Amino acid sequence: MLISLEEARKIIDINISSKYNYYRYESIYNSVGKIILEDIYAIKSIPEVNLSAMDGFAFKVSDYKKHGKLKIVGKLFPSSKEIPELKEGEAYYVATGAPIPKGADAVVRIEASKVINNELIVGEEVFEGKDIKYAGEDVKEGELIVKKGDVLTPYHLGILTYQGIRKVKIGNIKSCVIASGDEISPFNDPLPELIPDSISPIILSILEKIGKATYYGVVRDEKESIKQKLIEMKESCDIIFFIGGSSVGEKDYVKKLVAELGKLLFEGVSVNIIKRGGVGLLEETPIVSLPGQVVSAVTVFHEHGLHIISRMLDSEIRKFVKVKLGKDMYVEHKMDSTYLFRIENGEAFPLRWGTGLYSELIKADGFGYLSRGKIHKRGEEIEIQKFL
Ligand SMILES: Nc1nc2c(c(=O)[nH]1)N[C@H]1C(S)=C(S)[C@@H](COP(=O)(O)O)O[C@H]1N2
């Protein structure tokens with residue numbers, strides 16, 4: 001029996017919780033590509049003090065206007081620890097990245113300066129603040145620099161290293177992926193005899209963002225073989241994604257077996273495309289039945305799979321955005337339906353509809369649901385779950 005999406009979401013909320021600590025602290029240098037499970041705030045400002053942006057001379061503009069030339073009394077480099085106080089009539093040589101003397105409010109570049117008898121003559125219009133990088137101009141102490149749920153990128157490594165933050169909280173879920181089908185070969189088989197399993201690599205690579213994902217290969221559409229795999233997997237996996245055999249055909253065994261070996265929480269929802277995605281428990285291990293069609297598999301994975309994972313992690317890792325529909329749409333199907341969307345300038349444009357369109361999936365930013373039998377006008381606000 002298919003249930004409503006709202007009911008399915010409630011069932012997941014009730015049955016899945018963060019019983020265990022599915023997280024760990026890991027070096028930032030091993031965490032690129034992982035989802036960060038904590039908000040990280042700047043410990044110090046960048047820059048910490050006012051710095052020169054150029055090789056030149058630091059001085060006070062009003063002072064120069066008064067005297068017409070300034071005495072160069074010292075030199076400052078990025079390694080200079082002592083920050084001197086600028087006195088009237090004085091200027092300092094400053095290298096790029098050197099601290100600015102207290103009281104100085106501008107830097108003139110070397111190529112726009114003249115030095116005669118150790119006195120500075122400024123050869124261009126200089127205003128207060130010119131070529132100074134002010135303390136906190138880039139990052140302010142206490143500012144949020146990584147948001148819970150963000151994926152760590154190579155670019156975060158710079159700011160975190162600067163801050164002295166070397167460990168981050170990441171997911172530690174052992175997830176397992178298996179595909180079933182008499183027509184497919186494991187994707188990592190170098191000489192596949194059959195069609196390569198093209199869905200598992202997508203799911204595995206998303207799951208790597210929240211822990212370690214293991215591929216259990218392909219199992220034939222035989223009840224006993226699938227049963228043995230499920231028994232084996234529930235011992236070593238925190239969550240199982242079973243691809244294929246989700247529908248109502250003769251050889252679609254997975255949900256029947258979940259009901260036999262554990263508890264089938266729901267077999268599907270009354271929304272097209274994702275309707276065959278089901279969820280169950282094998283003892284405490286959640287199992288998500290993903291359809292064997294790529295768009296269906298990826299959308300079910302995001303809808304139910306990431307909902308379960310967010311509950312296990314006690315951190316919301318799904319990304320939802322509200323955007324305006326980019327064109328009028330009418331859902332002619334018998335049930336509400338899932339659409340892939342491309343987001344452009346804040347508007348969501350539907351892509352070609354279908355359960356298995358690889359070419360549309362690569363263009364999509366995410367997916368959303370539209371109600372059947374209703375004209376959805378351009379400009380209507382819709383919620384889109386973005387693909388991870
Ligand atoms: N008779 C029937 N066939 C069906 C469906 C259905 O609802 N009824 N669902 C389709 C959908 S939406 C999907 S995604 C695939 C799932 O295929 P699978 O069994 O390989 O997972 O089955 C398709 N075949």
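Everything numeric in this text was worked out from a predicted model, so none of it was measured. Excluded from the calculations below are hydrogen atoms, water molecules and symmetry mates; all remaining heavy atoms, backbone and side chain alike, are included. Numbering of ligands and ligand atoms starts at 1, following listing order.
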Which residues satisfy the side-chain hydrogen bond (donor to acceptor under 3.5 Å, both in side chains) test with Tyr64, sequence neighbours excluded?
->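 With sequence neighbours excluded, Tyr64 shows a side-chain hydrogen bond (donor to acceptor under 3.5 Å, both in side chains) to no residue whatsoever.
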How would you list, by chain and number, every residue that makes a side-chain hydrogen bond (donor to acceptor under 3.5 Å, both in side chains) with Lys212, sequence neighbours excluded?
->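 Applying side-chain hydrogen bond (donor to acceptor under 3.5 Å, both in side chains) to Lys212 gives Glu208.
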Among Lys319, Arg318, Gln385, His307, find the residue that satisfies the side chain to side chain contact (heavy atoms under 4.5 Å, CB included) test when tested with His302.
->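 Exactly one option meets the side chain to side chain contact (heavy atoms under 4.5 Å, CB included) with His302, and it is Gln385.
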Nearest-contact summary for [atom] - protein heavy atom, Å:
atom                    : value
atom 11 (C) of ligand 1 : Arg276 CG, 4.1 Å
atom 15 (C) of ligand 1 : Gln293 CG, 4.1 Å
atom 14 (S) of ligand 1 : Ser296 OG, 3.1 Å
atom 24 (N) of ligand 1 : Ser247 OG, 3.4 Å

Atom indices of ligand 1 within 4.0 angstrom of [X] heavy atoms, with elements:
X      : result
Gly292 : 17 (O), 18 (P), 20 (O), 21 (O)
Gly245 : 18 (P), 19 (O), 20 (O), 21 (O)
Val248 : 1 (N), 2 (C), 8 (N)
Asp252 : 19 (O)

Should we say atom CG of Asn118 is surrounded by more than 12 heavy atoms from elsewhere, each under 6.0 Å from it?
->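 Yes, because the 6.0 Å sphere around CG of Asn118 holds more than 12 heavy atoms from other groups.
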For Lys256, does the NZ atom sit with more than 12 other heavy atoms under 6.0 Å from it, leaving out its own atoms?
->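 More than 12 within 6.0 Å, yes.
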